[in-house]
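Read through the structure below, which is laid out as structure tokens, and then see the notes.
Residue numbering restarts at 1 for every chain, and letters A, B, ... go by the order of the sequence lines. On a predicted model such as this, the values are computed, not experimentally measured, just so you know.
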Number of protein chains: 2
Amino acid sequence: MNNTREIIAHSLLFDGLPPEQLAEIEKLVIKKHVVKGTPIFFEGDPGLGFYMVASGKVKIFKTSFDGKEQILHIFGPGEPFGEVPVFHGTPFPANAEALTSTELLFFPRAEFVDLIIASPSLAFNMLAVLALRLRRFATQIENLSLKEVPGRLASYLFFLMEEQNNQEWVTLDIPKGQLANLLGATSETLSRIFNKMHDEGLIRVEGKTIFVLDHQRLRDR
Amino acid sequence: MNNTREIIAHSLLFDGLPPEQLAEIEKLVIKKHVVKGTPIFFEGDPGLGFYMVASGKVKIFKTSFDGKEQILHIFGPGEPFGEVPVFHGTPFPANAEALTSTELLFFPRAEFVDLIIASPSLAFNMLAVLALRLRRFATQIENLSLKEVPGRLASYLFFLMEEQNNQEWVTLDIPKGQLANLLGATSETLSRIFNKMHDEGLIRVEGKTIFVLDHQRLRDR
DNA sequence: GAGCTTTTTTGACTTAGGTCAAGGAAAGTT
DNA sequence: AACTTTCCTTGACCTAAGTCAAAAAAGCTC
């Protein structure tokens, strides 16, 4: 499913749009391929358009003056990113980088804005996308500020169980160091917490596979 | 300026709309008055519409199981809040409470959605509002995760200097305890940091007035 | 599969900021 | 002005998580 039309037709952003509109949208897409580790944009760059992941994975992140990194989102196939400048007219608020070899769809700003103005359903879908993202941010702030690292890890494991539709075990889709950056911790701390949770009989860790042994006690970390 | 038409006409959300559309919008507004401390909605409540502050101040916040509070936003006159459920159809992601005696405008969901669908400019304004909010959240996550409390306080002081258009001193518009909840700290810690910054000659604190004595050194906290 | 690089783990140590408890200071009320 | 309530500060103490350094494990490449 590496085909542009497939990706946009199945994305939440373009969901429910008539075929002729999808064709319009497809016409303005610029495809880009980037290898693992490639920067896609930097905080402060002018936003000339937004992106959608066709295949692969992209992280959106902030960095501190001393190089520590906080991941804001990890986006996979069908998910748009970099929309803030399109609608607010300001530069990108954060950096984007490919976590894997990635196929990107780029939507140039001016053309896309014309489409949005002409299509209330598309505008409405975009509003839904941004609203969902606000909700996610609210949860992330809650996690960072009101929970300790074990609680944040537990949340993430439950999120993966949901996503992977498996109550027994989950597969980490990113390296543990990146997970630490997502949870607002260091890799050392995360490693120690995996250990502790194992010792307490909550989980079993085998490389990138985490077996969840005690849902109840994991939930109230 | 406690009049509905004045408020909506000067808000960013309804900026640039023709008078006849403003009249339409005004018609569906329901005015509500709440005293200081009144809950406006709770996390998890179904969102039957969104609000705009006409006068006063409202905080949007999350609470932890043990009662600690993290403020996500503080909204003043002309600022809308509670839009997430309108566009994403899910319950409110956080709580809202009046920080002062407050005049609110309520926009019922269904009627407002009709207006948005009929008006590309209104849809576009709303997209800009949500995009700005995403940017703010990204900054807040950066502050919480990548800066220590003194750095977060410094950011907030610079934000107030900008807002109050004064390079010499700022007036805290909220109690220090609430400021602590906004910065992700306790009031004890915040108090100690005010002390330390005073001892270091960065600021002078007189009740709710903070004199900024050394911009340069305050900036790199 | 030997030799890289990158990622993860472990140990010893430090520290920012939280908690608990008790006073003070403001601010609103009668 | 006295009273009550809310807000802010201070001191003593504790702990979650960071830092630094080094080793171990896992992935790649030729």
### Query
Rounded to whole angstrom units, what separation is found between the CG atom of Leu146(A) and the C1' atom of dG18(C)?
14 Å

### Query
For the residue pair Phe92(A) and Phe41(A), does the interplanar ring angle fall in the parallel (under 30°), tilted (30 to 60°) or perpendicular (over 60°) class?
parallel

## Note on the structure
Ranking dT9(D), dT8(C), dA17(D) by distance to the side chain of Ser191(B), first place goes to dT9(D)

### Whole-Å gap separating P (dT10(D)) and CD1 (Ile193(B))
13 Å

### Query
Quick one: Asn181(A) CG to dT7(C) P, roughly how many Å, whole number?
11 Å

### Message
What is the separation between atom CD1 on Ile210(A) and atom P on dT8(C), rounded to the nearest whole Å?
### Response
11 Å

### Task
Classify the ring geometry between Phe107(A) and Phe50(A) as parallel (under 30°), tilted (30 to 60°) or perpendicular (over 60°).
parallel

### Query
Considering residues at least two apart in sequence or located in another chain, which fulfil the side-chain hydrogen bond (donor to acceptor under 3.5 Å, both in side chains) criterion with Lys59(B)?
Glu69(B), Gln178(B)

### Task
Check whether any side-chain N or O of Thr100(A) sits under 3.5 Å from a backbone N or O of Lys57(A) as a donor-acceptor pair, and report yes or no.
yes

### Query
Would one find a side-chain N or O of Lys176(B) under 4.0 angstrom from OP1 or OP2 of dT9(D)?
yes

### Message
Could you tell me how far apart Asn195(B) (CG) and dA16(C) (P) are, to the nearest whole angstrom?
### Response
16 Å

## Note on the structure
Separation of dG18(D) atom C1' from Leu144(A) atom CG, nearest Å, is 16 Å

### Query
Can you check the Lys196(B) NZ to dT10(D) P distance for me, whole Å?
15 Å

### Query
Would you find more than 12 non-hydrogen atoms of other residues, nucleotides or ligands less than 6.0 Å from Phe42(B) atom CZ?
no

### Query
When all nucleic acid strands are considered with a 4.0 Å heavy-atom cut-off, which category describes Gly184(A): base, sugar-phosphate, or nothing?
sugar-phosphate

### Query
Which listed nucleotide (dA17(D), dT10(D), dG18(D)) is nearest to the side chain of Ala185(A)?
dG18(D)

### Query
Is the closest side-chain heavy-atom distance between Ser191(B) and Lys176(B) below 4.5 Å?
no

### Task
Classify the nucleic acid contact of Gly37(A) as base, sugar-phosphate or nothing, counting any heavy atom under 4.0 Å across all strands shown.
nothing

### Query
Side-chain contact, heavy-atom cut-off 4.5 Å: Asn125(B) with Phe14(B)?
no

### Task
With pairs defined as Watson-Crick or G-U wobble and both distances under 3.5 angstrom, please note down DNA chain C as a dot-bracket string, | for pairing with another strand.
||||||||||||||||||||||..||||||

### Query
Are there more than 12 heavy atoms of other residues, nucleotides or ligands under 6.0 Å from atom CZ of Arg219(B)?
no

Between the protein and nucleotides 19-23 of chain D, which nitrogen or oxygen pairs are less than 3.5 angstrom apart?
{"unit_1": "dT19(D)", "atom_1": "O4", "unit_2": "Arg192(A)", "atom_2": "NH2", "d": "2.9"}
{"unit_1": "dC20(D)", "atom_1": "N4", "unit_2": "Glu188(A)", "atom_2": "OE2", "d": "3.3"}

### Task
May I ask you to verify if any side-chain N or O of Lys208(A) is less than 4.0 angstrom from the OP1 or OP2 atom of dT8(C)?
yes

### Task
Check for a donor-acceptor pair, side chain of Arg152(A) on one end and backbone N or O of Leu183(A) on the other, with a separation under 3.5 Å.
yes

### Task
Could you tell me how the ring of Tyr156(A) sits relative to the ring of Phe159(A): parallel (under 30°), tilted (30 to 60°) or perpendicular (over 60°)?
tilted

### Message
Please compare Ser187(B) and Lys147(A) by the position of their nearest nucleotide in DNA chain D and report the one closer to 5'.
### Response
Ser187(B)

#### Entry: Value in whole Å for how far the P atom of dA16(C) lies from CZ of Arg152(B)
13 Å

